[in-house]
Amino acid sequence: MRNVTKDNITDVFMDYMSKEADPRMHEVMGSLVKHLHDFARETNLTHDEWRTGIAFLEGCAAIETEDRHEFVLASDVLGLSSLVDMLHSSVDATSSSVLGPFHISGAPPLAVGGDMKRHFGGPILVAEGTIKDTDGNPISGAQLDIWQTAPNGLYASQDDDQDRFSFHGLMTVGADGRYAFSTVKPVEYTVPTDGPVGDILRACGRHPWRPSHLHYIVTAPGYNSLVTEIFPSDDPYLDQDTVFGVRDDLVMKYVEKPAVEFPDGMEISGQVNEPFLYVEFDVMLSTADTLKS
Ligand code: BEZ
Ligand code: FE
């Protein structure tokens, strides 16, 4: 097409692509460009606004490092990460939730009943549960990759004052599928706002807060892996998570317990003479690739 117009440019774009080269690429790229063109036409996008968008992408790229994933963060605050998760969740399994940009691989082993808080102070939380299949049978040998922020609201990768793997642990469950660990009650925190994503949040009049949570990646041979989070039912940001990660079945009551009830078999049993919080959260893994409706 020689005479490209604002009305035919989308069709011209589609004509330039070959479906045979890669049918899925044709479908995804074609849809993306259709929506992009419609967006520009609908909003009558100006040159200045287009340049602002390009500068946003350049700004994300400029601060991207091994520990800083601004593009992932952009996808998170736009709701795209959560939407993709929900499109591909299994019907019967525990809901998935955002991975976020702060997971680091290679966490040190944490024994069942181990302590993740080490020398850090703050309200003690004991988390316990069973990793099960969708029929309720325990999954022997499942692995739980756990991470959370320190009490200052920062992940280890954001904070030079923490060890690389502080508040990270990799637990392998036994034949009963049970996991348990002690930690400090997670705090609500803000996603990083010192980069281009922070500029977008401010420009849209949005706050950067996430409700407090524990992150889990649960894996077991023969099962679909699950990336998820647990939220306490009294968190003030449950209804306004800036990355859209809250699902009903991930909201749990953290029960207050007296010191005398501290569970046996925990690494810090006998050392705790203060009340603590307790949460029981079972995780169900699916084998089939059934989708949530
Ligand atoms: C997180 O929970 O670690 C997180 C998720 C999305 C964006 C920023 C942080
Ligand atoms: Fe987090």
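Numbering of ligands and ligand atoms starts at 1, following listing order.
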State, yes or no, whether a side-chain contact exists between Val279 and Pro232 at a heavy-atom distance under 4.5 Å. no
Between Thr130 and Pro138, which heavy-atom pair has the shortest distance, and what is it? CG2-CB, 4.3 Å
Check: Pro196 and Ile63 side chains under 4.5 Å, non-hydrogen atoms: yes
Side chain to side chain contact (heavy atoms under 4.5 Å, CB included) with Met25: which residues, sequence neighbours excluded? Asp22, Met29
Could you list each N/O atom of ligand 1 together with any protein N/O atom closer than 3.5 Å, one pair per line with the distance?
{"from": "ligand 1", "atom 1": "2 (O)", "to": "Tyr189", "atom 2": "OH", "distance (Å)": "2.6"}
{"from": "ligand 1", "atom 1": "2 (O)", "to": "Arg210", "atom 2": "NH1", "distance (Å)": "2.6"}
{"from": "ligand 1", "atom 1": "2 (O)", "to": "His213", "atom 2": "NE2", "distance (Å)": "3.0"}
{"from": "ligand 1", "atom 1": "2 (O)", "to": "His215", "atom 2": "NE2", "distance (Å)": "2.9"}
{"from": "ligand 1", "atom 1": "3 (O)", "to": "Tyr155", "atom 2": "OH", "distance (Å)": "3.1"}
{"from": "ligand 1", "atom 1": "3 (O)", "to": "Tyr189", "atom 2": "OH", "distance (Å)": "2.9"}
{"from": "ligand 1", "atom 1": "3 (O)", "to": "His215", "atom 2": "NE2", "distance (Å)": "3.1"}

Within-4.5 Å side-chain heavy-atom neighbours: His103 and Asp145: yes
Compute the ring centroids of His215 and Phe167, then answer whether they are less than 6.0 Å apart. no
Any side-chain heavy-atom pair from Pro263 and Phe276 closer than 4.5 angstrom? yes
So how far is it from Asp38 CG to Thr43 OG1, rounded to the nearest 0.5 Å? 10.5 Å
Counting only protein N, O or S atoms and ignoring waters, those under 2.8 Å from the Fe ion (ligand 2) are Tyr155 OH, Tyr189 OH, His213 NE2, His215 NE2
Asp159: which residues meet the side chain to side chain contact (heavy atoms under 4.5 Å, CB included) condition with it, sequence neighbours left out? Asn152, Leu154, Asp161, Gln162
